[in-house]
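These figures come from a predicted structure and were not determined experimentally. Letters go in sequence order (proteins before strands), and every chain restarts at 1. Values reported hereafter were calculated over all heavy atoms of this structure, with side chains retained and with hydrogens, waters and symmetry mates removed.
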Amino acid sequence: MGIQGLLPLLKSIEKPVHLKDYAGQTLAVDGYVWLHKGAFSCAQELCLGQPTQKYITYFMRKIDMFKFFGVKPYVVFDGGYLPSKAATEQERLSRREESKKAAMELLHSGKSKQAQDHFRKCVDVTPEMAYAVIQALEAAQVDFVVAPYEADAQMAYLEMKGLVHGIVTEDSDLLVFGCKRVIFKLDQYGSGIEILHENLSMVRDISFHEWTMTEIRHMCILAGCDYLPSIPGMGLKTAQRVLRRFKTFERAIKHLRMEYTGAKIKADYEEAFRKADLTFLYARVYDPVSHSMVHLNAVPEELEELVQTDEYDFLGP
DNA sequence: TTGTATAGCTCCT
DNA sequence: GCTATACAA
């Protein structure tokens, strides 16, 4: 889902770029994006369990494009799902099953063209597909890493450690994780748009002047993110207003509780907010240098013991 | 003005 | 996952 409405809000700081602008550099790539797009070319085969190589070919063509422009790709795959995302996954699964039923019926009545539309809605990227692509990457000596949980946090870590110069993705969450250089909408010719974190203060549609990374992260969580749905009626602009007025999210939530009478804000909302915030800060990632599991940012002393407990399995158990 | 709900898109020629 | 669009509070 990402952060609803974040990218349109950042239009004024978008910069058109081309892969060749990054010649000689390494860019982290969200493997899921290419896996999913590649799966579209062979949705029916994948849904019916028929053997196909098309999604691998598609993926490697993207890799070749990077190499053609002198850019080194560092592919990042998703690992396990966080417990906090289980509900979303279940919802997606049942929607896919519905589409598959419709696709099969159309196929059996000879309407293969219409069936294809439904196959594309039910196609899912499986770990087996990721593994097939990984083998092709190994053969081509392309760097990759499987994140213990979410690719987003893993890519943010690679950038933070200086292992990559920027991140290619379609997911606005990356900016909330604090990434410095994110490239969106990369097309088949190598064109895309770049957003730099340092330019956030220059956004015209909303005033982020003097805003810290913490405030921007809190605004995004309040407006709804993958780890916590928003309070009904709370979008980015309203979230920005209440945070500007009340300074901290605790005070903002307290105020919203008084204003929004009734059961609109659940009793555990503030607790859930804190957990979402900690996930953006301290998600578990893999460190390719030391070959060990670490947290995205150094965990402060007062939290060190807590993050080891089951209470904190939302960071990745 | 702002948020939400819905539909259409990702492949390829 | 994204965007574009129409509609609602």
Aromatic ring proximity Tyr189(A)/His18(A), centre distance under 6.0 Å: no
Candidate nucleotides dC2(C), dT2(B), dC11(B), ranked by approach to the side chain of Tyr58(A) - the nearest: dC11(B)
CD/Gln135(A): more than 12 non-hydrogen atoms of other groups inside 6.0 Å: yes
Gap between atoms CH2 and P, on Trp34(A) and dC2(C) respectively (whole Å): 18 Å
Minimum-distance nucleotide (side-chain atoms of Lys37(A) versus dT10(B), dC2(C), dT2(B)): dT10(B)
Side chain of Arg120(A) (C-beta onward), nearest among dG3(B), dC11(B), dC2(C): dC11(B)
d(CG, Asp171(A); P, dT3(C)) in whole Å: 11 Å
dT10(B) phosphate, OP1 or OP2, under 4.0 Å from Lys185(A) side-chain N/O: no
Flag if over 12 foreign heavy atoms under 6.0 Å of NZ, Lys72(A): no
Ring centre gap for Phe280(A) and Tyr227(A) strictly below 6.0 Å: yes
Minimum-distance nucleotide (side-chain atoms of His36(A) versus dT10(B), dG3(B), dC11(B)): dT10(B)
Listed nucleotide nearest any side-chain atom of Ser230(A), set dC2(C), dT4(B), dC11(B): dT4(B)
Closest to the Pro8(A) side chain, choosing from dT3(C), dC2(C), dT2(B): dT3(C)
Touch class at under 4.0 angstrom, heavy-atom based, for Ser172(A) against every strand present: sugar-phosphate
Length of the CD-C1' vector between Gln188(A) and dC9(B), whole Å: 14 Å
Interatomic distance, Glu45(A) CD vs dC11(B) P [rounded to whole Å]: 16 Å
Interatomic distance, Ile3(A) CD1 vs dG3(B) P [rounded to whole Å]: 14 Å
Distance below 4.0 Å between Thr238(A) side-chain N/O and dG3(B) OP1 or OP2: yes
Contacts of type salt bridge (Lys or Arg N to Asp or Glu O under 4.0 Å), residue Lys54(A), not counting sequence neighbours: Glu45(A)
Integer-rounded Å distance: dC9(B) P and Phe40(A) CZ: 10 Å
Between dT6(B) (C1') and Gln4(A) (CD): distance, integer Å: 12 Å
Nucleotide of dC12(B), dG3(B), dC2(C) approaching Arg61(A) most closely (side-chain heavy atoms): dC12(B)
Ser94(A) and Glu97(A): side chain donor to acceptor below 3.5 Å: no
Residues in contact with DNA chain B, drawn from residues 98-119 of chain A - heavy-atom cutoff 4.0 Å: none
Gap between atoms CG and P, on Asp187(A) and dT10(B) respectively (whole Å): 13 Å
Parallel, tilted or perpendicular: ring planes of His36(A) versus Tyr32(A), cut at 30 and 60 degrees: parallel
Gln50(A) atom CD, over 12 foreign heavy atoms within 6.0 Å: yes
